[in-house]
Student: 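Pasting a structure below so you can have a look.
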Protein chains: 2
Amino acid sequence: MRDFATTEARLDITIAKYPAFPRQPAIVTRLVKHLFKEINDDANAAMRRYGLNHPEYNILMMLYGTPDNSLHPSELADVAGEKSANVTRLTGQLCDKGYIVRSGSEDDRRKVTLTLTPEGVEAIEGFLPDIVTLLHRQTRNLTSDEQGQLEVLLKKMLGGFGE
Amino acid sequence: MRDFATTEARLDITIAKYPAFPRQPAIVTRLVKHLFKEINDDANAAMRRYGLNHPEYNILMMLYGTPDNSLHPSELADVAGEKSANVTRLTGQLCDKGYIVRSGSEDDRRKVTLTLTPEGVEAIEGFLPDIVTLLHRQTRNLTSDEQGQLEVLLKKMLGGFGE
DNA sequence: AGTATATAGTTCATTTGTGTATATTCAATA
DNA sequence: TATTGAATATACACAAATGAACTATATACT
């Protein structure tokens with residue numbers, strides 16, 4: 001995204017042609033799209049040297065964020081924002097790489113438990129320094145306060161979906 | 001995304017395991033990801049009955065946002081946040097549907113000009129009422145003021161990428 | 001002019017993601 | 001207990017997106 005000023009211009013033209021088009025909501029959603037694409041491309045590039053892509057990284061981190069390094073596929077789909085069919089594929093890849101293992105659960109035999117292996121944890125802790133740098137870079141234009149404000153607003157907006 | 005409180009919990013655990021992990025940047029980027037996925041799924045679902053998906057919708061709107069309903073592929077890639085190879089494919093589909101036309105430019109013979117057809121404009125103005133509703137729904141939890149604040153913060157954050 | 005370098009766009013092989021159907025198990029209730 | 005309906009995960013066919021290589025044109029420099 002070079003120049004967001006032209007976005008304003010495009011919106012002006014759009015509204016001139018179609019006055020009911022809501023300016024503010026359109027700007028916000030377009031900004032979110034652009035930001036996501038940047039974050040995504042950035043993370044993909046960073047993870048490349050580790051033989052992982054952004055969704056795989058995401059999956060690993062969601063598991064790492066649990067006390068016992070494990071989640072069920074449906075939970076994973078939910079927290080990682082991936083479709084369940086995609087989780088099956090992604091976790092399959094990560095199994096092949098030896099970073100996670102699949103096991104059935106006794107309490108509910110429909111469920112599968114996905115758990116990080118020691119190699120998985122090692123891999124995570126290997127790339128985390130790069131990720132830390134990345135995250136700081138991605139938010140470098142915002143003060144801590146502003147990040148806090150952004151958090152509040154994004155959560156609020158997110159709350160409007162899904163019911 | 002069910003419950004963002006669990007995101008906080010995951011982050012706490014992650015930080016306990018790896019103290020250098022930056023809380024605030026991680027929250028913000030995760031929120032952006034989730035929000036994008038929601039916006040994307042939502043828009044895909046809404047455009048379905050028009051035989052279009054979100055990226056195609058986006059391309060059409062970017063063209064509609066210009067005085068003469070036209071852009072070059074590279075401009076389109078930039079403003080729509082798509083890779084150029086993908087723009088080729090997407091615009092090809094839209095050509096097939098009769099919504100845009102491709103033409104060469106005389107001033108720079110490397111360039112191609114993509115222009116909405118009257119049918120394209122008609123299609124846009126056909127689905128825009130739904131989009132207007134959609135945009136309002138997606139931002140319903142935010143006041144106009146808050147949308148303004150969000151705009152400022154997102155722009156600021158976006159400014160930190162790419163140099 | 002001639003050569004090198006950059007830009008615009010496309011093509012193609014591969015990777016990544018989606019929707020739908022299916023098998024299995026669980027939960028509710030008649 | 002038998003039956004119905006929901007939930008979990010997967011398989012598979014198809015759709016979408018990416019990276020890298022390639023063609024053609026333009027620009028800069030000597």
Side-chain angles (χ1 to χ4, degrees), chain A residues 2 33 36-60 70-97 100-115, chain B residues 2 33 36-49 51-59 70-97 100-115:
Chain A
R2 277 318 86 244
K33 287 179 210 170
F36 171 78
K37 302 245 183 196
E38 296 284 353
I39 290 173
N40 196 46
D41 288 355
D42 219 20
N44 272 329
M47 294 311 292
R48 195 152 198 176
R49 53 180 296 235
Y50 299 102
L52 297 169
N53 56 29
H54 188 200
E56 288 172 326
Y57 153 76
N58 225 22
I59 299 273
L60 291 176
S70 76
L71 285 171
H72 303 296
S74 54
E75 295 173 320
L76 206 39
D78 191 32
V79 300
E82 297 289 343
K83 302 283 187 293
S84 68
N86 208 26
V87 168
T88 300
R89 187 181 58 84
L90 287 166
T91 55
Q93 292 172 344
L94 291 168
C95 279
D96 293 345
K97 289 174 183 167
I100 65 179
V101 286
R102 257 178 238 269
S103 58
S105 35
E106 321 74 55
D107 55 315
D108 184 338
R109 287 176 30 204
R110 290 171 303 182
K111 289 189 181 175
V112 165
T113 300
L114 300 160
T115 310
Chain B
R2 278 314 92 241
K33 288 179 210 170
F36 171 78
K37 303 245 183 194
E38 295 285 353
I39 290 172
N40 196 45
D41 287 355
D42 218 21
N44 272 329
M47 294 311 292
R48 195 153 198 176
R49 52 181 295 233
L52 296 169
N53 55 27
H54 187 201
E56 289 172 325
Y57 153 77
N58 224 22
I59 298 274
S70 76
L71 285 170
H72 302 296
S74 53
E75 294 172 320
L76 204 39
D78 191 31
V79 301
E82 296 290 345
K83 303 282 188 293
S84 66
N86 208 26
V87 168
T88 299
R89 185 182 58 85
L90 288 166
T91 55
Q93 291 172 345
L94 291 169
C95 279
D96 293 345
K97 288 173 183 165
I100 65 179
V101 287
R102 257 178 237 267
S103 57
S105 33
E106 323 74 53
D107 55 316
D108 184 339
R109 288 175 31 203
R110 290 171 304 181
K111 288 189 180 174
V112 165
T113 300
L114 301 160
T115 310

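Predicted, not measured: the structure shown is a model, and the values here were computed from it.
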Student: Assign A:Ser84 to base, sugar-phosphate, or nothing according to its heavy-atom contacts below 4.0 angstrom with the strands shown.
Tutor: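 Base contact.
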
Student: Starting at CD of A:Glu82 and ending at P of C:dT18, how long is that distance when rounded to a whole Å?
Tutor: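 From A:Glu82 CD to C:dT18 P: 7 Å.
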
Student: Can you find a side chain N or O atom of A:Lys83 that sits less than 4.0 Å from OP1 or OP2 on C:dT18?
Tutor: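 Yes.
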
Student: Can you list the steps and then say if B:Thr113 with B:His72 is a side-chain contact (heavy atoms from CB on, under 4.5 Å)?
Tutor: CA-CA 5 Å; B:Thr113 300; B:His72 302 296; 3.3 Å; yes

Student: Figure out the CG/P separation between B:Asn58 and D:dA16, and round it to whole Å.
Tutor: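 Interatomic distance, CG of B:Asn58 to P of D:dA16: 15 Å.
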
Student: Answer with base, sugar-phosphate or nothing: what part of the nucleic acid does A:Asn44 contact at a heavy-atom distance below 4.0 Å?
Tutor: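 Nothing: the residue A:Asn44, judged by heavy atoms under 4.0 Å, touches no strand.
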
Student: Are B:Leu71 and B:Leu114 close enough, and set up right, to give a side-chain contact (heavy atoms from CB on, under 4.5 Å), and what steps lead you there?
Tutor: CA-CA 5 Å; B:Leu71 285 170; B:Leu114 301 160; 5.7 Å; no

Student: Atom CG of B:Asn58 and atom NZ of A:Lys33: how far apart are they, to the nearest 0.5 Å?
Tutor: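 Here the rounded value is 4.0 Å.
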
Student: Taking side-chain contact (heavy atoms from CB on, under 4.5 Å) as the criterion, tell me which of A:Asn86, A:Val101, A:Ile100 meets it with A:Thr91.
Tutor: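 Option passing the side-chain contact (heavy atoms from CB on, under 4.5 Å) with A:Thr91: A:Ile100.
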
Student: Tell me: CG of B:Leu76 to P of C:dT10, nearest whole Å?
Tutor: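 About 11 Å, once rounded to whole Å.
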
Student: How close or far is atom C1' of C:dT14 from atom CZ of B:Arg89, stated in whole angstroms?
Tutor: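 That distance rounds to 14 Å.
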
Student: Mind calculating the distance between NE2 (A:His54) and C1' (D:dG19) to the nearest angstrom?
Tutor: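 Nearest whole value for this atom pair: 18 Å.
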
Student: Could you tell me whether the phosphate oxygens of D:dA16, OP1 or OP2, come under 4.0 Å of any side-chain nitrogen or oxygen in B:Gln93?
Tutor: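 Checking D:dA16 against B:Gln93, a side-chain N or O does come within under 4.0 Å of OP1 or OP2.
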
Student: For DNA chain D, determine which residues of residues 101-114 of chain A have any heavy atom closer than 4.0 angstrom to one of its atoms, and list them numerically.
Tutor: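 Residues of residues 101-114 of chain A that come under 4.0 Å of DNA chain D are, in numerical order, A:Arg102, A:Arg110, A:Lys111, A:Val112.
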
Student: On DNA chain D, does the nearest nucleotide to A:Pro73 precede the nearest nucleotide to A:Asp41 from the 5' side, or the other way round? Give the residue.
Tutor: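 It is A:Pro73, whose closest nucleotide lies nearer the 5' terminus.
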
Student: Tell me if a side-chain donor or acceptor on B:Ser105 pairs with a main-chain N or O of B:Lys111 at a distance below 3.5 Å.
Tutor: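 Yes: the side chain of B:Ser105 pairs with the backbone of B:Lys111.
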
Student: Taking all non-hydrogen atoms of both residues, which atom of B:Arg102 and which atom of B:Cys95 are closest, and how far apart?
Tutor: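 Minimum heavy-atom separation between B:Arg102 and B:Cys95: NE-SG, 4.0 Å.
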
Student: Within this structure, what is the OH-to-P distance between B:Tyr57 and D:dA16, rounded to whole angstrom?
Tutor: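 Roughly 18 Å, once rounded to whole Å.
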
Student: Which residue, A:His72 or B:Asn86, contacts DNA chain D at a nucleotide closer to its 5' end, judged by nearest heavy atom?
Tutor: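 Mapping each residue to its closest nucleotide by heavy atoms, the 5'-most match is A:His72.
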
Student: Please report, rounded to the nearest Å, how far the P atom of C:dG17 is from the CG atom of A:Asn40.
Tutor: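 Rounding to the nearest Å, CG of A:Asn40 and P of C:dG17 are 8 Å apart.
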
Student: For D:dA9 and A:Ser74 - does any side-chain N or O of the residue sit under 4.0 Å from the phosphate oxygens OP1/OP2?
Tutor: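 Yes, A:Ser74 has a side-chain N/O under 4.0 Å of OP1/OP2 on D:dA9.
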
Student: Are the side chain of B:Lys97 and the backbone of B:Leu52 linked by a donor-acceptor contact shorter than 3.5 Å?
Tutor: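 Side chain of B:Lys97 to backbone of B:Leu52, a donor-acceptor pair under 3.5 Å: no, none is there.
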
Student: Quickly work out the A:Ile59 CD1 to C:dT16 P distance and round it to whole Å.
Tutor: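 Going from A:Ile59 (CD1) to C:dT16 (P), I get 13 Å.
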
Student: Check every atom of C:dT20, D:dA17, D:dT10 against the side chain of B:Arg48 and return the nucleotide holding the closest atom.
Tutor: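 Given the options C:dT20, D:dA17, D:dT10, the side chain of B:Arg48 is closest to C:dT20.
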
